[in-house]
Amino acid sequence: MILNYKCPGCGASMVYDAGKKWLVCDYCGTQVSVEQLSGEEKEQLEKELQEDSFAQMPEMETASDEAVDDDGRGEFRACHCPNCGAQMLTEETTAAAFCAFCGSPVIFEKELSGEKRPAAIIPFQIQKEEAVGRFLKWTKRGMFTPASLNRTYTMEKITGIYVPFWLYDYQVNARYGAHGTRIRHEVRGDYRYTHTDHFRIQREMEVQFEKIPSDASKKMPDEVMDCLEPFDYSGLKEFQMPYLSGFLADRYDYTGTQMRGRVEKRVEQYTEEEARRTMTGYATVSITYRDVRPKNTRMMYVLFPVWTIQYTYREKNYTFTMNGQTGKIFGTLPVSMGKAAAWFAGMTATFTVLLTIIQLL
Amino acid sequence: MKKKPIGRIVLLALFWMTVLCGFSGESDDKIIDGANLWREEEEESLRSLVRDVKERIGADVAIVTTDDAKGRTTEAYAQWAYDYYQVGGEGVAGVLFLLDFDNREYYIDEYRPNGEAFEISDWERESMLDEIYPYMAEGEYAQACEVFLKGLERVMTNDERWEEDDREVYIDGQPSSKKAIGNVIGSSLLLSAVVSAVLVSVLVVMQNQKTPPPGAVYLKDRRSSLRQRKDIYTHTTTTRTRIQRNTPQGGRSSGSHRSGGSYRRGGGGGSHRGGGRNF
C-alpha cells in the first residue's frame with residue numbers, strides 16, 4: 001500500500017516540517033501533528049486513502065506488488081502515484097520517495113511493516129534552508145576551497161533521506177597483555193646514560209557498549225556514514241510513518257546479523273582503546289596479547305536523517321553529506337590550484353627570508 | 001784635500017748591485033726548512049717554483065717551516081723570520097709563507113716598504129688560506145706550498161685576479177662575498193620550496209580528512225570496569241653515548257684564525273700585514 005498524507009483542509013500533500021515538527025500543508029498552511037495521525041484517526045485516514053487509491057487506480061495493488069528485475073542491477077517496483085496516477089518506478093528497498101511527475105511524497109507501507117518496520121527514528125532537526133546555509137558556511141572554512149564553490153547556483157540538488165541503521169549493544173570481556181617501557185637519563189662524566197625500565201602489563205576488563213550504529217544501506221558508503229556520527233540518541237522517537245513524508249527513505253539492504261561482523265571489529269577496536277587508557281605512565285606500550293570476547297546483547301533497526309548535497313564544480317560532481325540532526329558535514333572539497341599556489345608562494349617566501357636571516361646571523 | 005768622486009761612484013754601483021741582486025744570492029730562493037720537513041726533491045721543486053714566481057711578481061718570496069716558535073705567536077715568528085732571514089731587503093716588498101708546527105698554524109705575511117700599498121687584500125688572503133687548508137689538513141705540505149705560490153702569482157699579476165664577486169668567501173663560516181650570499185639565498189629558497197610543498201600537500205589532505213568518533217562515545221555510562229590490573233617490573237637495560245664536546249679545529253668554519261691582517265711597522269719603516277689559520 002502506498003501512503004500519501006493529504007491535507008484535510010485543501011487535499012494537497014502534506015510533508016513533515018523539521019522545524020515545526022509537524023506535518024504541514026505548503027498550500028493552505030494546515031498543520032497536523034504526527035501524534036494526531038496515530039490511533040484511530042491515523043487508521044481512518046489511511047483507510048480512506050486506501051479506498052480512494054483503489055477507487056482511482058484499481059490496478060495499483062497489483063502493480064505495487066510486482067517486482068521488475070532489470071537484469072541483475074536490483075529489484076525494481078512499478079506503481080502508480082496516488083496523487084496524479086503517473087507510473088512510478090522505484091527500487092524495491094525504497095520506503096519513501098517522490099512522484100517524478102507531480103512531486104507528491106509517497107510512502108511504501110509494505111517496506112515499513114512487519115519485520116521491516118523500524119523500532120525508532122530520529123526525525124530531521126535541520127530544515128532544508130538551514131542545511132543549505134550550514135553547508136555554505138562550511139565550504140568557506142577550507143583553506144584551499146575555491147571561492148566560487150559557495151555560490152548557490154552551483155548547488156545542483158539537496159535531498160533529505162532517512163538512512164537505515166542497525167544499533168548494537170555489546171557486552172565485552174577482554175584480557176590484554178602488553179610490554180611497557182619507562183626511560184630515565186643520567187649524565188656521568190663524558191657519558192650520557194639512558195636507562196630503560198621494562199614492564200609486563202596485564203589488564204582484565206568488562207566493557208559495555210550501547211547503540212553502536214552501522215548503516216544498513218548499500219547506497220550510502222560506510223566510511224561516510226561513520227564520519228557523520230555521533231547521532232544524539234535523546235532525539236530517538238518511536239517510529240511513525242508520517243515522519244517520512246517529504247523525504248526519501250530506504251529500508252535496510254543488510255540484516256542485523258549480516259552487519260555484525262563489521263560492528264564487532266569496531267567493538268574490538270573500542271575495547272582496546274579503553275584498555276590503553278588504563279596503561280598510563282609509560283613511554284611506549286605495545287600490546288602483545290589480546291583475548292576479546294564480545295557478546296551482542298541487543299540489536300535495533302532505526303532510521304537516521306541525512307542531507308545529501310550534489311555539487312557541480314568545473315564539470316566535476318561532488319557529493320556532501322550532512323547529519324540531519326547535528327549538522328555535522330562530511331565531504332571532499334575541491335581544491336583551488338590558485339589558492340594552493342598562493343599559499344605555496346607565501347610560505348616559500350617567508351621560510352626563505354627566515355632561513356637566510358638565520359644563516360647570516 | 002779634494003775628495004775624489006770615484007768613491008761615490010763605487011758606493012752607488014754597490015748600492016744598485018745590491019738592489020739588483022736583491023733577488024739573488026743569499027735572498028734567492030728562500031726555502032728555510034727549520035722543521036726538516038722537505039725531502040730533497042721537494043725542496044728543489046719549491047725552489048724552482050719560488051724562483052719563477054719571484055720573477056713574475058717582482059717581490060721576494062720565502063717559505064719557512066719551524067717546529068719551535070721559541071715562545072712566539074705564529075704572527076710574531078713570521079715577522080721575526082722575515083727580518084732574520086732577510087726576506088726582500090731594504091725597500092723591497094716580500095711575502096713569507098710560514099708553516100708553524102709548534103703553534104699548528106700556517107701564515108701568510110706580506111711586507112711593503114713605506115708608502116707602498118699592500119697587494120694582497122684581506123679577502124684574497126683568506127681565499128688563499130681557504131685553498132691551502134685541505135692540503136695542510138691532509139699533511140700534504142709541499143702541495144700546500146705550491147697552492148700558495150700559484151695563488152700568490154695569481155693575485156700579484158692580475159692575470160686571473162680574483163674579483164670579490166667571483167669568489168665564495170667564508171669567514172668563520174659566514175659568507176662575506178656576494179657569490180657566497182647568493183648561494184645562501186639559493187639554498188634557503190630550495191629548502192623553503194621543498195618544505196612548503198610538503199606542508200601544502202599535508203594541509204590539502206587534512207582539509208578533507210574526517211575521522212569517526214572515538215569508542216568512548218558509545219560506552220555505557222561512559223565508563224568501563226577494570227577487573228584486574230597488573231604492572232610488573234621485569235628488568236632495566238642501559239645504553240651510554242659519549243657527549244660530543246666542541247674542540248677547536250682548523251678550517252674555514254671552525255677554529256681560530258685571524259683575518260683582516262695585522263700591521264706592524266717593519267724595521268725599515270715598512271709594514272707587515274698577514275693572516276693565518278690553524279691546521
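Order of the sequence lines fixes the chain letters, A, B, ..., with proteins taken first and strands second; residue numbering starts at 1 for each chain. Keep in mind it's a predicted model, so treat the numbers as computed, not measured.
When Val200(B), Val217(B), Leu199(B) are compared by the number of non-hydrogen pairs under 4.5 Å with chain A, Val200(B) comes out ahead. Per-residue counts of heavy-atom pairs under 4.5 Å with chain B were compared for His179(A), His185(A), Arg200(A); the largest is that of Arg200(A). Of all the listed residues (Gly281(A), Ala174(A), Pro213(A), Ala178(A)), the one sharing the greatest number of non-hydrogen pairs under 4.5 Å with chain B is Pro213(A).
Side-chain rings of Phe209(A) and Tyr218(B) stay apart, their centers remaining 6.0 Å or farther from each other.
With a 4.5 Å cut-off on side-chain heavy atoms, Leu203(B) and Met347(A) count as touching. No side-chain heavy atom of Arg240(B) sits under 4.5 Å from any side-chain heavy atom of Arg192(A). Inter-residue side-chain proximity for Leu219(B) and Glu210(A) is flagged as unmet; no heavy-atom pair is nearer than 4.5 Å. Counting only heavy atoms from C-beta outward, the side chains of Ser187(B) and Gln359(A) approach each other to under 4.5 Å. Side-chain contact between Asp197(A) and Tyr233(B): present, with at least one pair of heavy atoms (C-beta onward) separated by less than 4.5 Å. Between Thr238(B) and Thr194(A) the shortest side-chain heavy-atom distance does not fall below 4.5 Å. Counting heavy atoms from C-beta on, the side chains of Phe351(A) and Ser196(B) come closer than 4.5 Å. For the pair Tyr193(A) and Thr241(B), the minimum side-chain heavy-atom distance is 4.5 Å or more.
With a 4.5 Å cut-off on non-hydrogen atoms, Arg266(A) touches chain B through its side chain but not through its backbone. At a 4.5 Å heavy-atom cutoff, Arg175(A) makes no contact with chain B through either its backbone or its side chain. Only the side chain of Glu274(A) comes within contact range of chain B, with heavy atoms under 4.5 Å apart. Looking at Arg188(A), neither its backbone nor its side chain comes within 4.5 Å of chain B, counting heavy atoms on both sides. If you measure heavy-atom distances from Ile329(A) to chain B, the contacts under 4.5 Å come from the backbone alone. Of the two parts of Tyr170(A), neither the backbone nor the side chain holds a non-hydrogen atom closer than 4.5 Å to a non-hydrogen atom of chain B.
The local environment of CH2 in Trp343(A) is sparse, with at most 12 non-hydrogen atoms from other residues, nucleotides or ligands closer than 6.0 Å. Other residues, nucleotides and ligands contribute at most 12 non-hydrogen atoms within 6.0 Å of the OH atom of Tyr135(B). The environment of Lys339(A) atom NZ is dense: over 12 non-hydrogen atoms of other residues, nucleotides or ligands sit within 6.0 angstrom. Within 6.0 Å of CZ on Arg293(A) lie no more than 12 heavy atoms contributed by other residues, nucleotides or ligands.
A donor-acceptor pair under 3.5 Å is absent between the side-chain atoms of Ser224(B) and the main chain of Val207(A), judged by distance alone. Proximity of a side-chain donor or acceptor of Arg229(B) to a complementary backbone N or O of Thr278(A) within less than 3.5 Å is detected. In this structure, the side chain of Arg203(A) engages the main chain of Lys230(B) through a donor-acceptor pair within 3.5 Å. Between the Glu273(A) side chain and the Gly215(B) main chain, a donor and an acceptor come within less than 3.5 Å of each other.
Residues that satisfy the ring pair (Phe, Tyr, Trp, His ring centres under 6.0 Å) test with Tyr77(B), not counting sequence neighbours, are Trp80(B). By the side chain to side chain contact (heavy atoms under 4.5 Å, CB included) test, Ala275(A) is found to be paired with Tyr176(A), Met205(A), Met279(A), residues two or more places apart in sequence or in another chain being considered. Remark: His235(B) engages His198(A) in a ring pair (Phe, Tyr, Trp, His ring centres under 6.0 Å) (not counting sequence neighbours).
The distance from atom CD of Glu204(A) to atom CD of Gln228(B), rounded to the nearest 0.5 Å, is 5.5 Å. From Thr356(A), atom OG1 reaches atom CD1 of Ile181(B) across 10.5 Å, with rounding to the nearest 0.5 Å.
Listed in order of number, the residues of residues 136-143 of chain B that approach chain A to under 4.5 Å between heavy atoms amount to none.
No side-chain donor from either of His195(A) and Thr236(B) sits under 3.5 Å from a side-chain acceptor of the other.
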*Asn173(A) vs Arg227(B), side chain to side chain contact (heavy atoms under 4.5 Å, CB included): CA-CA, chis, key distance, verdict*: CA-CA 10 Å; Asn173(A) 290 301; Arg227(B) 283 212 211 105; 2.6 Å; yes
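Annotation for Thr352(A) and Ser192(B): closest pair N-OG, 3.0 Å, computed over non-hydrogen atoms.
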